[in-house]
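This report refers to the structure that appears directly beneath it.
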Amino acid sequence: MTPTTGTGTTSFLLKPVGGNPADPTNAYCPGDSATDGYRVQTFLTPASVDPATLTYDVTGPIVPAADAAQQPYTWSLFSINQTQYIAYNTSVNPKGFIDPTQFPFALDILSGLLPTGDYLVGIACSKNGITETYWEQPITITANGAAYAVAVNNGPTPVVPEAPLSVLLPLTGLGAVGVFMLIRRRKATGALAA
Amino acid sequence: MSSLSIKAKLARVTVATVAAGAALASVLPTPSAVHADPKQYSALQGVGSDTIEALGNALSGFSGTQAYTPITSGAPSYSLYSSWDALGTACITTKTGGPSFTRPNGSGQGARALSRAIDAGGFGNAACGGVKDVSGQIDFARSSSGPSGTGTALTYVPFARDGVSFAYYRASGGPAVTSLTKTQLTALFTVGPQLIDGVNIIGCGIQTGSGTYTFWNSSVGATASTEATATTDCNNLLGAGVRAQENDGAALKARGDAAPAGTQVVIGFSAAAFIAKSNLVTADPAPPAGVGIGSISDFGGSPVAGTAPNLTPNSAFYTLAGGFGRYVYNVVSTARIDALVGNTEIKGLFKGPNSAVCTADATVSKFGFLPLDSATYPSLLNCGDSSLKAPLSSGQI
């Protein structure tokens with residue numbers, strides 16, 4: 001996400017990648033809008049909400065019932081001109097391509113509505129309103145009256161949901177990621193088994 | 001279940017990528033947020049009513065043979081208004097990259113298409129590849145009929161007034177009957193053909209997706225069932241049960257020419273559409289010779305004044321309480337027009353007396369409608385009023 005810090009009036013941009021091994025520097029939905037029914041959605045939600053559980057309607061992202069308390073803090077992204085990014089179409093050719101430059105966003109329109117805390121912003125591919133894939137970026141929002149300070153809180157990385165990581169990463173980074181994922185997978189397996 | 005597993009895996013990978021963030025960023029191009037794409041690509045897309053389509057085209061920038069200044073939502077987004085005709089190619093694609101789906105014909109189908117864009121329930125038929133997900137593809141529906149049912153998902157935003165009377169045509173046997181009472185019209189559209197002033201008059205049916213069909217039935221006291229029975233003779237003149245496209249003078253003439261000698265045919269007809277077509281401001285031809293719009297003698301008289309190509313609305317007819325005047329609407333998602341924040345496109349185009357549609361009085365008047373001017377007509381709804389709610393309209397077409 002660029003820039004990595006800003007205020008409520010800063011225009012930020014996400015740069016998701018993944019979804020098409022043949023084009024690892026861009027992002028793709030699993031299918032297109034014209035024939036496969038996918039839509040590109042955007043979200044901002046408290047970090048405690050799993051973006052995989054979000055659904056989408058004409059108002060934007062909807063949290064599951066278990067997270068109902070977080071709905072007031074869950075929104076689509078808005079442009080600096082207050083355009084709400086909901087249910088955009090993918091490209092037909094390349095099929096499923098997402099153009100992230102369509103979604104520069106700012107938070108000033110939500111002034112006074114977001115308490116200080118950790119959030120996730122991102123882009124999702126939905127089908128019939130259900131999240132199919134998504135890209136997320138953790139950020140910290142500090143509310144100061146009606147103003148916000150915004151900081152990417154895990155470094156300047158875009159979030160990659162799928163395999164292209166192994167193609168993209170320099171070898172030095174790849175080794176570190178592999179070790180980290182192995183540890184995470186063991187933990188997750190244990191949790192699922194339990 | 002497998003899908004859930006994939007999502008969980010994606011979330012874990014998400015966390016893992018953080019460690020390699022700096023390296024990843026170093027190999028990615030920096031995208032540009034600068035946009036210079038035409039505003040037409042982000043225009044709000046509307047479908048539905050035939051009656052309002054010529055005006056909708058003008059608000060979009062071109063109607064008939066004339067260019068107009070396109071309306072926009074104003075600051076900050078300056079979104080354009082884009083309007084699809086009720087008839088044309090069978091299938092339409094309203095937004096770049098979106099599905100090709102069945103063109104909604106009339107207010108009823110327009111409201112259903114908008115409803116499916118809201119609930120992602122799918123809209124269309126086999127003519128365009130079946131039912132398609134139209135979510136995100138339709139932003140508003142033109143409607144010449146008002147809200148009905150209990151619910152709040154849709155908002156009907158009035159922006160002008162129209163009048164509906166009967167259009168007539170008599171191919172032979174003498175002059176047509178040009179003035180009827182409401183009682184006579186009720187008989188024609190609930191019972192069947194009537195002998196009036198020595199002329200056999202038969203009522204013709206409007207295609208049932210039309211808002212004019214709905215309004216006309218309501219005005220003359222007909223139900224769908226009684227109207228269907230009463231218009232059977234006319235609807236069988238060009239084939240079995242063939243109803244006419246609304247506001248189509250040529251369609252009425254064709255039925256009159258096929259009727260027994262001396263018979264007069266009549267049909268509900270938008271006065272605004274009659275004016276606009278007679279004044280040659282639409283892409284459609286003027287009503288054929290012999291096709292006129294009649295007076296309702298006990299409810300405001302003639303809906304029009306003057307002669308073509310300078311016909312004007314009779315405001316008394318259009319505004320008569322309990323008469324044959326009606327509002328015309330843009331229908332939008334309530335969640336959007338009443339949104340706490342954002343949606344400035346919808347609000348700027350439609351909501352309130354200062355919205356773009358409500359300040360386009362000259363264009364609205366040119367197409368035979370009466371602008372809703374609260375100073376002149378204090379008893380009418382204000383232009384841009386967003387208090388009229390309705391449920392989503394069910395169905396796939």
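Worth saying up front: this structure is predicted, and the values here are computed from it rather than measured. Sequence lines set the chain letters: A, B, ... in the order given, protein chains first and strands last, and positions in each chain run from 1.
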Item to complete: Please assess A:Asp57 against B:Ile118 for the test side chain to side chain contact (heavy atoms under 4.5 Å, CB included), listing each intermediate value before the final yes or no.
Response: CA-CA 7 Å; A:Asp57 69 9; B:Ile118 292 171; over 6 Å; no
Worksheet entry | Between B:Ala120, B:Ala117, B:Gly342, the one whose heavy-atom pairs under 4.5 Å with chain A are most numerous | B:Gly342
Worksheet item: Quick one: of B:Thr344, B:Asp133, B:Thr96, who has the most non-hydrogen atom pairs under 4.5 Å with chain A?
Response: B:Asp133
Worksheet item: Of the listed residues (B:Ser77, B:Ser79, B:Ala75), which shares the most heavy-atom pairs with chain A below a 4.5 Å separation?
Response: B:Ser77
Fill in: Partner chain A: residue of B:Gly136, B:Pro76, B:Ser42 with the largest heavy-atom pair count (under 4.5 Å)
B:Pro76
Response to the item:
What one should report as the nearest heavy-atom pair of A:Ser33 and B:Pro99 is O-CD, 3.8 Å
Worksheet item: Which bit of A:Leu113 comes within less than 4.5 Å of chain B, counting heavy atoms only: side chain, backbone, both or neither?
Response: side chain
Discussion item. Could you report the tightest heavy-atom contact between A:Arg39 and B:Ser135, atom names first, then the distance?
Written reply: NE-O, 2.6 Å
Practice prompt. Please check if any side-chain donor atom of B:Asn343 sits under 3.5 Å from a side-chain acceptor atom of A:Gln82, or the reverse.
Written response: no
Worksheet item: Which one of A:Gly129, A:Ala34, A:Ala87 has the most heavy-atom pairs closer than 4.5 Å to chain B?
Response: A:Ala34
Discussion item. For A:Ile109, which atoms come within 4.5 Å of any heavy atom of chain B: side chain, backbone, both, or neither?
Written reply: both
Worksheet item: Hey, are A:Thr83 and B:Glu345 close enough side-chain-wise for a donor-acceptor pair under 3.5 Å?
Response: yes
Practice prompt. Give, as side chain, backbone, both or neither, the part of A:Asp32 having an atom under 4.5 angstrom from any heavy atom of chain B.
Written response: neither
Discussion item. Checking A:Asn81 against B:Tyr78 for the side chain to side chain contact (heavy atoms under 4.5 Å, CB included) test, could you report, in this order, the C-alpha distance in whole Å, the side-chain angles of both residues, the deciding distance, and whether it holds?
Written reply: CA-CA 9 Å; A:Asn81 290 329; B:Tyr78 297 97; over 6 Å; no
Item to complete: Find out whether A:Thr59 and B:Arg336 are in side-chain contact, i.e. whether some heavy atom of one side chain is under 4.5 Å from a heavy atom of the other.
Response: no
